[in-house]
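To keep things clear, I will list the structure first and then write my remarks on it.
As a basis for the values below, the full set of heavy atoms in this structure was taken, side chains included, without hydrogen atoms, waters or symmetry mates. Since this is a predicted model, take the numbers as computed values, not measurements.
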Amino acid sequence: MKKYILLLILFTLGQQVFAQVRFIERYEVASDMNDPLFEMIDSDVGLVSFRTLPEKGLNLRRNFQYFVTDSSLNSKEGLVVFPVKEGYDMLGYDTDGKLLFALMTKGFAMNAPKYLLQVNLETKQGKEFVVDNVLDMELVEFLVQDQKAMFMGTSETRPVLQIHDLVTKSVHTLQGIYGNDTQILQIRKMPETKTLEVVLSRKGLYRSRDLFINTYDMAGNLIRELKVDEFADPGQEIMDGLLVSTGAYQEAMVGAFGLARRNDYQGMYIMNINEFGEYDFKLYTLQDFPNFYNYLNEKNKAKRDRYIQKDLDKNKVPVINSKYSIRDVRQTPDAYYVYFDQYTISNSRSGYQNGIYSTAGGYRYDRWSRMGTTIINDPYLANRFPMAGSYQTVPEYRYVSAHFAKIAKTGQVIWDNAISYDEMVTNYPEAFGEVAVVGDDLYHMFVEDETIKLSFFRNGERIFENQEFDLGLVNDGERIRDTNRESLRLIHWYDRYYLLSGTQRVRFMNDKGVDEVREVYFLSKIAVDGDLYRPEDLPD
């Protein structure tokens with residue numbers, strides 16, 4: 001009897017744990033396991049998924065496929081198909097209102113012929129634009145705003161950004177960007193003002209680097225240049241940053257700072273920028289984050305905390321042992337929710353660096369709503385953008401911990417906490433964790449192999465860490481037979497909902513009661529709910 005009760009309790013707990021992550025809706029497209037994957041981008045008409053797919057047979061023709069789904073993953077029209085010119089494939093994409101743009105290239109050389117496919121997502125009408133007067137460049141980012149296409153890349157090892165007017169065919173090259181020792185860190189479309197904002201890093205005097213935040217109109221004219229030349233104490237520099245809008249034409253940049261020449265990270269900064277281009281900084285070190293080492297066991301955390309106190313007693317700024325990189329910033333009217341990763345890089349002889357001091361990499365794009373080619377082969381992009389470069393030695397990223405903080409916009413730290421990655425090793429240089437902020441709750445979720453890992457914080461208290469969940473289906477009568485691990489992609493969608501996509505083989509029973517297997521590309525909507533976590537001690 002006792003054994004039965006124990007099994008019942010274990011089963012009940014298992015059900016409670018599983019319910020924290022629920023697969024609630026799913027959309028499928030017939031697709032071979034190794035077919036090119038669909039990209040996803042949000043638009044005014046819904047979630048748009050699209051790809052180019054080779055035709056069967058010995059030819060170089062492809063078709064452009066897309067489908068639009070609502071918030072419940074329902075699609076009215078299903079799959080819509082457009083032919084692609086022979087020999088061409090997709091290189092970049094963007095949306096502008098109710099229009100989807102796909103940049104097509106014939107081969108992936110810098111001087112390859114290109115054209116632009118415009119799809120009206122309401123009328124399902126397509127239109128093609130020739131792109132023949134843009135500089136030859138290794139494309140890193142492609143954007144469209146107000147019927148003007150923006151091409152950002154490198155030409156002769158220097159960054160370049162051009163605006164191509166699709167109506168007049170004129171091309172404008174943005175000034176103040178093309179130059180030695182210059183790096184584009186971020187591009188932001190500004191639809192409300194019909195402008196473009198570009199964050200630049202440029203080598204200054206004495207091996208230091210200057211940070212510029214430039215604003216351009218859509219004719220390529222520089223209308224504001226903000227040079228960030230007053231930062232902290234001598235020797236302390238901005239290591240990386242993420243620029244976000246805070247409303248009323250005001251902005252903030254959040255990132256890591258430290259001693260760049262020694263590659264020592266010291267903490268986090270928030271730079272507030274008003275509508276007149278005036279800025280001020282708030283700096284946060286390990287003294288402000290008492291729970292920074294919460295990812296360690298109690299003994300090791302106490303040891304690290306003692307080291308911090310020793311530095312503080314000597315009026316020294318404590319150093320973070322590994323790289324400390326900004327990943328995401330979420331906002332409420334009164335506070336920022338900030339997500340950082342701590343990691344180390346091995347195989348450093350490859351010459352690759354992250355962030356502001358990288359000569360070739362470090363461009364920040366959002367792989368949910370925007371995606372460009374990366375300098376290093378990217379497992380998310382390898383079979384989508386063959387143009388992605390490679391190194392003789394690919395660096396490995398050993399992820400140590402993820403860090404979260406809620407910072408009041410008036411400056412004080414409301415709470416901070418951390419989780420461990422258990423020294424996970426990957427070749428992927430960008431953030432793979434996805435954060436959701438729902439009221440006072442914060443969720444952090446990622447996929448490792450075929451396992452979803454979820455952590456949950458409430459008012460800064462860590463309720464659980466890296467709880468593991470299997471991939472699931474919506475229909476209880478079906479089973480996952482195989483999953484292409486390399487195809488899996490997890491993103492935060494909205495509120496407490498995530499999207500998981502990839503390719504699978506699914507076993508099901510047909511109308512005649514016979515087992516069958518279908519191969520599909522799938523979109524799954526996942527709901528997370530920390531309230532369903534009920535830890536209980538089992539009886540002895």
Side-chain angles (χ1 to χ4, degrees), residues 26-43 47-69 73 75 77-95 100-109 112-119 121 126 128 139-142 365 367-374 376-390 427-428 430 447 482-491 499-506 518-524:
R26 182 177 171 102
Y27 185 81
E28 295 182 350
V29 174
S31 181
D32 292 344
M33 289 280 280
N34 296 314
D35 277 349
L37 303 174
F38 284 84
E39 298 298 340
M40 289 181 289
I41 191 167
D42 221 351
S43 76
L47 177 68
V48 189
S49 301
F50 51 94
R51 68 177 177 183
T52 57
L53 184 68
E55 290 186 359
K56 303 296 183 183
L58 300 176
N59 61 63
L60 298 177
R61 291 190 297 272
R62 289 176 174 264
N63 288 316
F64 180 79
Q65 302 178 332
Y66 80 89
F67 60 91
V68 180
T69 48
L73 294 187
S75 179
E77 293 85 9
L79 201 64
V80 181
V81 180
F82 285 92
V84 176
K85 291 181 180 180
E86 186 165 356
Y88 282 78
D89 198 2
M90 185 170 63
L91 177 62
Y93 61 82
D94 196 17
T95 56
L100 170 65
F101 294 87
L103 178 64
M104 303 295 180
T105 180
K106 192 173 185 179
F108 294 92
K114 298 178 179 66
Y115 77 94
L116 194 58
L117 173 63
Q118 172 190 292
V119 179
L121 296 171
E128 295 178 355
L139 192 70
V140 176
E141 183 64 290
F142 168 76
Y365 61 89
R367 57 185 169 83
W368 151 222
S369 60
R370 285 291 321 127
M371 193 176 295
T373 56
T374 55
I376 292 183
N377 280 326
D378 179 340
Y380 286 101
L381 306 180
N383 62 343
R384 306 171 185 166
F385 294 99
M387 182 181 166
S390 62
N427 293 327
Y428 187 55
E430 297 295 331
V447 176
D482 297 296
T483 298
N484 182 351
R485 293 183 179 182
E486 288 72 25
S487 72
L488 293 177
R489 179 183 177 201
L490 179 76
I491 57 175
L499 280 174
L500 180 70
S501 64
T503 54
Q504 291 178 329
R505 292 189 181 96
V506 178
R518 63 177 185 268
E519 292 190 23
V520 297
Y521 171 87
F522 71 92
L523 277 177
S524 286

Worksheet item: Would a line drawn from the ring center of F38 to the ring center of F67 be shorter than 6.0 Å?
Response: yes
Worksheet item: Between F50 and Y93, does the ring centre distance come in under 6.0 Å?
Response: yes
Worksheet item: Could you state the interatomic distance from CZ (F522) to CG (L499), rounded to the nearest 0.5 Å?
Response: 10.5 Å
Worksheet entry | Least distance between heavy atoms, L100 atom then T95 atom | CD1-CG2, 3.9 Å
Practice prompt. Taking the side chain as every heavy atom from C-beta outward, state whether K114 and L103 have any pair of such atoms under 4.5 Å apart.
Written response: yes
Item to complete: For R485, enumerate each residue passing the side chain to side chain contact (heavy atoms under 4.5 Å, CB included) test, keeping only those at least two apart in sequence or located in another chain.
Response: D449, E450
Item to complete: Without swapping roles, check the side chain of E28 against the backbone of V520 for a donor-acceptor pair under 3.5 Å.
Response: no
Discussion item. Counting the benzene-type ring for Trp, do Y88 and Y115 have ring centres under 6.0 Å apart?
Written reply: yes
Worksheet item: Heavy-atom distance under 4.5 Å between the side chains of Y66 and S49, does that happen here?
Response: no
Discussion item. How about NZ on K85, more than 12 heavy atoms from neighbouring residues, nucleotides or ligands closer than 6.0 Å, or not?
Written reply: yes
Practice prompt. With sequence neighbours excluded, tell me which residues meet side chain to side chain contact (heavy atoms under 4.5 Å, CB included) with L53.
Written response: D35, P36, R51, Q65
Practice prompt. Could you tell me whether E86 and R62 make a salt bridge, using a distance below 4.0 angstrom between a side-chain N and a carboxylate O?
Written response: no
Worksheet item: From S75 OG over to L79 CG, what is the distance, rounded to the nearest 0.5 angstrom?
Response: 8.5 Å
Item to complete: Decide side chain to side chain contact (heavy atoms under 4.5 Å, CB included) for L37 and T503; before the verdict, give the C-alpha distance in whole Å, the side-chain angles of both, and the deciding distance to 0.1 Å.
Response: CA-CA 8 Å; L37 303 174; T503 54; 3.9 Å; yes
Fill in: Minimum heavy-atom distance F142-G92, with the two atoms named
CD2-C, 3.9 Å
Fill in: From CD (E519) to CG (D482), nearest 0.5 Å
8.5 Å
Worksheet entry | Spacing of CG belonging to N63 relative to OG1 belonging to T52, to within rounding of 0.5 Å | 9.5 Å
Worksheet item: In Å and rounded to the nearest 0.5 Å, what is the OG1 to CG distance from T105 to D89?
Response: 8.5 Å
